Amino acid sequence: MMTLSASLLLLLLLGLSQAHPLQEEGVEEDTVDITTRILTSNNATNEILLEGDLLAPRTRNAMMCWSQSCLWKKASNGYVMIPFTMSNEFTGWEKQKIDSAMRSFHSSTCIRFVPRQNEYDYISIENRGGCFSALGREGGRQVLSLNRQGCLYHGIIQHEINHALGFQHEQTRSDRDYYVKINWENIDPQMAYNFYRESTNNLNTPYDYSSIMHYGRTAFSIQYGMETITPIPDPNVQIGQRQGMSYWDIRRINTLYGC
Ligand SMILES: [Zn+2]
């Protein structure tokens, strides 16, 4: 089912090599939206990424990750136990940061991250060249990369974990055209695929501008600062927040996993 042709892969790589203008120096954390930070961190990565931070799947079409096969399994105790390992490249403080983000799932959902013993399926949290993750449970070891320089922020860690749970970007939802306008003319043509609509399972939840899975306004713009996503009808609605999971982000996890 892995059908990406070599030429498409090349195109993705070319696209990524010029993905995003570098962030200006000296910008405070608070002024940078989460997707700008993720995309900036991923600028130099060698991985093949979809939509900026999704690992191209080895075995299946990333866009159809809504069957049971790519969910993590629920144990008889009612919890969804997800084994993980953490690279020793992370310092104690960095590990704490990651731990704290994982604990935020424990306190609001039935997801439980547990240190891997000998389980076959698990998430390997590594310091690779960017912030990215596989979509859903891939089978076997799957990488969730949190680059030490650019990705160790609470909201970014939560965002990547949401991908690993099976969630896509909010603005690729099947019904997104009712809620946002994609400004194709402001998008680097090589990056246009990042904005393709997907046939998603929206779990009967409303389109959520405040989702941690929503891109910011200028993601993948052809020129720094140009708006690629505009909320409709009110263009002033905030998108691309990076503080933490929204009410609906949490509800969705609980719905998808039957918590
Ligand atoms: Zn993402």
Side-chain angles (χ1 to χ4, degrees), residues 19-20 22-24 26-43 45 49-55 82 84 86-87 90-91 93-109 111 113 123 125-136 143-173 180 194 205-220 228-229 231 237-254 256:
H20 243 244
L22 280 174
Q23 198 186 305
E24 288 166 81
V27 176
E28 284 192 348
E29 180 184 350
D30 273 352
T31 65
V32 179
D33 74 66
I34 190 168
T35 48
T36 303
R37 194 170 284 288
I38 291 174
L39 298 175
T40 305
S41 298
N42 292 1
N43 237 358
T45 190
L49 301 176
L50 306 171
E51 292 177 29
D53 71 335
L54 283 172
L55 271 178
I82 303 184
F84 73 93
M86 218 187 279
S87 160
F90 294 114
T91 65
W93 179 84
E94 290 164 344
K95 286 180 178 172
Q96 269 180 32
K97 217 97 218 183
I98 299 168
D99 259 331
S100 145
M102 289 193 293
R103 274 201 308 274
S104 70
F105 288 79
H106 297 188
S107 58
S108 54
T109 74
I111 305 292
F113 294 97
I123 295 176
I125 303 174
E126 301 178 13
N127 165 40
R128 294 228 202 150
C131 336
F132 53 82
S133 169
L135 183 64
V143 173
L144 189 155
S145 170
L146 297 170
N147 182 270
R148 293 177 57 209
Q149 259 75 50
C151 309
L152 291 176
Y153 299 87
H154 193 68
I156 291 182
I157 302 169
Q158 286 185 334
H159 178 103
E160 299 306 335
I161 290 176
N162 264 284
H163 281 318
L165 294 178
F167 291 95
Q168 309 202 33
H169 292 127
E170 190 72 358
Q171 78 283 347
T172 63
R173 267 173 68 134
V180 291
N194 289 299
T205 59
Y207 190 90
D208 184 11
Y209 294 110
S210 67
S211 171
I212 202 159
M213 304 312 284
H214 206 302
Y215 270 6
R217 288 173 190 272
T218 59
F220 296 108
T228 53
I229 307 174
V237 173
Q238 253 207 335
I239 53 174
Q241 66 93 5
R242 71 291 183 197
Q243 269 91 18
M245 289 190 286
S246 71
Y247 172 81
W248 287 111
D249 285 331
I250 292 168
R251 274 287 291 272
R252 264 173 218 164
I253 297 169
N254 286 313
L256 182 62

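Here the structure is a predicted model, which means the values were calculated and not measured.
Shown here are the side chain to side chain donor-acceptor pair (under 3.5 Å) partners of Tyr209, two or more places apart in sequence or in another chain: there are none. Checked against salt bridge (charged side-chain N to carboxylate O under 4.0 Å, His left out), Arg103 has no partners two or more places apart in sequence or in another chain. Take Phe90 and apply the ring-ring contact (aromatic ring centres under 6.0 Å, His included) test, not counting sequence neighbours, and it matches no residue. With sequence neighbours excluded, the residues forming a side chain to side chain contact (heavy atoms under 4.5 Å, CB included) with Ala134 are Glu138, Gln142, listed by chain and number. Every residue was checked against the side chain to side chain donor-acceptor pair (under 3.5 Å) condition with Ser108, not counting sequence neighbours, and none meets it. Phe105 meets the ring-ring contact (aromatic ring centres under 6.0 Å, His included) test with Phe113; sequence neighbours excluded. Legend: residues meeting side chain to side chain contact (heavy atoms under 4.5 Å, CB included) with Asn147, ordered by chain and number and at least two apart, are Asn127, Gln149, Cys151. By the salt bridge (charged side-chain N to carboxylate O under 4.0 Å, His left out) test, Glu170 pairs with Arg173, Arg252, sequence neighbours left out. For Glu126, the side chain to side chain contact (heavy atoms under 4.5 Å, CB included) partners are Ser124, Arg128, Arg141, Val143, not counting sequence neighbours. Take Ser211 and apply the side chain to side chain donor-acceptor pair (under 3.5 Å) test, not counting sequence neighbours, and it matches Asp249.
Although no hydrogens or angles enter the test, the distance criterion places no donor-acceptor pair under 3.5 Å between the side chain of Ser145 and the main chain of Phe132.
Separation of atoms CE (Met102) and CD1 (Ile157) is listed at 9.0 Å; rounding is to 0.5 Å. Put simply, CG on Leu146 and CD1 on Ile156 are 8.5 Å apart, with the number rounded to the nearest 0.5 Å. Between the OG1 atom in Thr91 and the NZ atom in Lys97 there is a gap of 11.0 Å [rounded to 0.5 Å]. The distance from atom CG of Asn194 to atom CZ of Phe220, rounded to the nearest 0.5 Å, is 3.5 Å. Residue Ser107 holds its OG atom at 7.5 Å from CD1 of Ile250, rounded to the nearest 0.5 Å. Rounding to the nearest 0.5 Å gives a distance of 10.5 Å between CG of Asn162 and CG of Leu135.
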Next on the checklist: Please evaluate residues Ser104 and His154 with respect to the criterion side chain to side chain contact (heavy atoms under 4.5 Å, CB included), reporting the C-alpha separation (whole Å), side-chain torsions for both, the decisive distance (0.1 Å), and the verdict.
Outcome noted: CA-CA 9 Å; Ser104 70; His154 193 68; 4.1 Å; yes
Checklist entry - Do His169 and His163 pass the side chain to side chain contact (heavy atoms under 4.5 Å, CB included) test, and can you show the C-alpha distance, the side-chain angles, and the key distance before you say yes or no? => result CA-CA 8 Å; His169 292 127; His163 281 318; 3.1 Å; yes
Checklist entry - Given Ile123 and Ile161, is the side chain to side chain contact (heavy atoms under 4.5 Å, CB included) satisfied, shown in steps? => result CA-CA 10 Å; Ile123 295 176; Ile161 290 176; over 6 Å; no
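Among all heavy-atom pairs drawn from Thr109 and Asn254, the shortest one is CA-OD1, 3.2 Å. Considering all non-hydrogen atoms of both residues, Met245 and Ile212 come closest at N-CD1, 3.9 Å. In plain terms, the two heavy atoms of Leu144 and Ala164 that are nearest each other are CD1-CB, 4.2 Å. In terms of heavy-atom proximity, Asp99 sits nearest to Met86 at OD1-CE, 4.3 Å. For the residue pair Ser246 and Gln241, the shortest heavy atom distance occurs at N-NE2, 4.4 Å. When every heavy atom of His214 is checked against every heavy atom of Asp208, the shortest pair comes out as CD2-O, 3.9 Å.
Contact check for Ile253 versus Leu165: side-chain heavy atoms found under the 4.5 Å cut-off. By the 4.5 Å heavy-atom criterion applied to side chains, Thr228 and Gln171 are not counted as neighbours.
Sorted by first and then second residue, the salt bridge (Lys or Arg N to Asp or Glu O under 4.0 Å) pairs with a member in residues 144-153 read Glu94-Arg148; sequence neighbours excluded.
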